[in-house]
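All remarks here apply to the structure that follows.
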Amino acid sequence: MTSATHHPNRQNPQPNSLELFDHQWATYRALVGADLMGHRAITDATAAALASHLDQRPAGAGAPQMVDLGCGDLALLAPVLRQLPLGSYRGLDLTAAVLPLARAALGDVGYPCDWQQADLLSWAVESPTNGAIDILHSCFAIHHLDGDQKKTFLRHTRAKMAEGSLFLWADVFREPGESRDHYVNRYAKRIRQQWPLNPERQEQIISHLSQFDHPADRDAIVAAAQANGWHWHWLWQGPHQAEALALLTPA
Ligand SMILES: C[S@@+](CC[C@H](N)C(=O)[O-])C[C@H]1O[C@@H](n2cnc3c(N)ncnc32)[C@H](O)[C@@H]1O
């Protein structure tokens, strides 16, 4: 989810308190642990896509530079990252408190890592456009941007990508033509009927997603990506017409 860890104000990214962060993160960990949003399938598909990309990488291309936007605590991705022959890894997240968790989860690896507390859209717009990123990754974070912000994000990130690079984007998406209200209502129904969490946690998640989640319309985001120089391929789509993983490559 989408929203247990979302901060509505990009200018004030710190959680109100460590206690609030702990509570919200515990909720997120509970739903990841119960695999309610397809994290296991997404992690498997991500690992397979990365392995295939690295296999096909031309000899002499150099070790790939990876950036992970909204990295969270790396609870599921760390074992995948530890196997990768990266040149560098940057974990970026709006929530400062997750970065030490991510660093500890990854442990010692044979490539340099850095950890940045930042808003992913600000990073996309403001960090250097150097065409140096080989692997861009983001899982369940970009849906916090609204429609125009997602287009801005796609335009600016495209300019940062190296030749032969890839962008793995896992997130929630709306069905083509579906209104945000319809999406929110059916997701709330799914949480109330199917998620084995206590009602207080269910309502906390529903309240956050109602306020802060802006999943892209599947068809519209493909068109927006293509208009901004990306080729789009769906790698995995979950059974709930919401969670999915896309592979974007420079067109
Ligand atoms: C639902 S968690 C996903 C964490 C991890 N990627 C995963 O799949 O388990 C969303 C993460 O994105 C971060 N996040 C939310 N909005 C963000 C933003 N605008 N910029 C950077 N990170 C953001 C949150 O702090 C949180 O760590």
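This is a predicted model, so every value here is computed, not measured.
- Ser179 contributes a side-chain N or O that, together with a main-chain N or O of His182, makes up a donor-acceptor pair within less than 3.5 Å.
- Ion pairing between Glu243 and Arg218 fails under the 4.0 Å rule for side-chain N and carboxylate O.
- The ring pair (Phe, Tyr, Trp, His ring centres under 6.0 Å) check on Tyr89 picks up Trp115, with sequence neighbours excluded.
- Using a 4.5 Å heavy-atom threshold, the side chains of Gln204 and Gln24 count as touching.
- Here the side chains of Leu235 and His233 are in contact, with some heavy-atom distance below 4.5 Å.
- The two residues Leu84 and Tyr111 have their closest heavy-atom pair at O-CE2, 3.3 Å.
- Counting only distance, with no hydrogens or angles, the side chain of Asp217 and the backbone of Gly177 share a donor-acceptor pair below 3.5 Å.
- Side-chain atoms of Leu245 and Cys139, non-hydrogen and from C-beta on, never get closer than 4.5 Å to each other.
- At least one cation-pi condition fails for Arg155 and Trp230: the charged atom is not both under 6.0 angstrom from the six-membered ring centre and inside a 45 degree cone around its axis.
- The shortest side-chain heavy-atom distance between Leu69 and Ile142 does not fall under the 4.5 Å cut-off.
- Distance alone, capped at 3.5 Å, is enough to place a donor-acceptor pair between the Gln117 side chain and the Leu94 backbone.
- In terms of modelled atom types and a separation under 3.5 Å, the side chain of His144 and the main chain of Ala141 share a donor-acceptor contact.
- Every residue was checked against the salt bridge (Lys or Arg N to Asp or Glu O under 4.0 Å) condition with Asp146, not counting sequence neighbours, and none meets it.
- Looking at Glu178, its side chain does come within 3.5 Å of a backbone N or O of Glu175 through a donor-acceptor pair.
- The distance from atom CG of Leu197 to atom CG of Leu36, rounded to the nearest 0.5 Å, is 6.0 Å.
- Phe140 has its ring centre less than 6.0 Å from the ring centre of His39.
- Shortest non-hydrogen contact noted between Gly72 and Trp25 is CA-CH2, 3.8 Å.
- Side-chain atoms of Lys150 come within 3.5 Å of backbone N or O of His214 as a donor-acceptor pair.
- Nearest heavy atoms, Cys113 versus Leu106: SG-CD2, 3.7 Å.
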Evaluate the side-chain contact (heavy atoms from CB on, under 4.5 Å) criterion for residues Leu77 and His137: first the C-alpha distance (whole Å), next the side-chain angles of each, then the deciding distance (0.1 Å), finally the verdict. CA-CA 11 Å; Leu77 201 62; His137 174 261; 3.5 Å; yes

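- The side-chain tip of Arg180 does not point at the ring of Tyr183 from less than 6.0 angstrom away and within 45° of straight on.
- For the pair Ser127/Lys160, a side-chain contact is recorded, criterion being any heavy-atom separation below 4.5 Å from C-beta on.
- By the 4.5 Å heavy-atom criterion applied to side chains, Ser88 and Met66 are not counted as neighbours.
- To the nearest 0.5 Å, atoms CD1 (Ile135) and CG (Leu54) are separated by 5.0 Å.
- Here the shortest heavy-atom pairing between Pro64 and Pro85 reads CD-O, 3.4 Å.
- The side-chain heavy atoms of Leu166 and Met161, taken from C-beta on, include no pair separated by under 4.5 Å.
- Residues passing the salt bridge (Lys or Arg N to Asp or Glu O under 4.0 Å) test with Asp171, sequence neighbours excluded: none.
- Formation of a donor-acceptor pair under 3.5 Å by the Thr27 side chain with backbone atoms of His23 is found in this model.
- The closest donor-acceptor contact from the side chain of Arg57 to the backbone of Gly62 lies under 3.5 Å.
- The shortest side-chain heavy-atom distance between Tyr28 and Val32 falls under the 4.5 Å cut-off.
- Taking CD of Gln65 as the reference point, atom CG of Leu86 lies at 8.5 Å (rounded to 0.5 Å).
- Arg174 places no side-chain N or O within donor-acceptor distance of the main-chain N or O of Gln241, the cut-off being under 3.5 Å.
- Of all heavy-atom pairs spanning Cys71 and Asp93, the tightest one is N-OD2, 3.3 Å.
- Residues forming a salt bridge (Lys or Arg N to Asp or Glu O under 4.0 Å) with Arg29 (at least two apart in sequence, or on another chain): Asp73.
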Test ring-ring contact (aromatic ring centres under 6.0 Å, His included) on Trp232 and Trp169 and set out the steps. CA-CA 10 Å; Trp232 185 291; Trp169 177 3; 5.5 Å; yes

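- With values rounded to the nearest 0.5 angstrom, Ile133 atom CD1 is found 8.0 Å from Thr157 atom OG1.
- Partners of Arg192 by salt bridge (Lys or Arg N to Asp or Glu O under 4.0 Å), not counting sequence neighbours, listed by chain and number: Glu203.
- The distance from atom CZ of Arg90 to atom CG of Asp114, rounded to the nearest 0.5 Å, is 4.0 Å.
- Counting all heavy atoms, side chain and backbone alike, Trp195 lies closest to Ile205 at CZ3-CD1, 4.1 Å.
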Would Leu74 and Leu101 satisfy side-chain contact (heavy atoms from CB on, under 4.5 Å), going step by step from the backbone distance to the final call? CA-CA 8 Å; Leu74 289 185; Leu101 303 178; over 6 Å; no

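- Scored by the ring pair (Phe, Tyr, Trp, His ring centres under 6.0 Å) test, Trp236 finds no partners at all (sequence neighbours excluded).
- Residue Gln194 places its CD atom among more than 12 non-hydrogen atoms of other residues, nucleotides or ligands, all under 6.0 Å distant.
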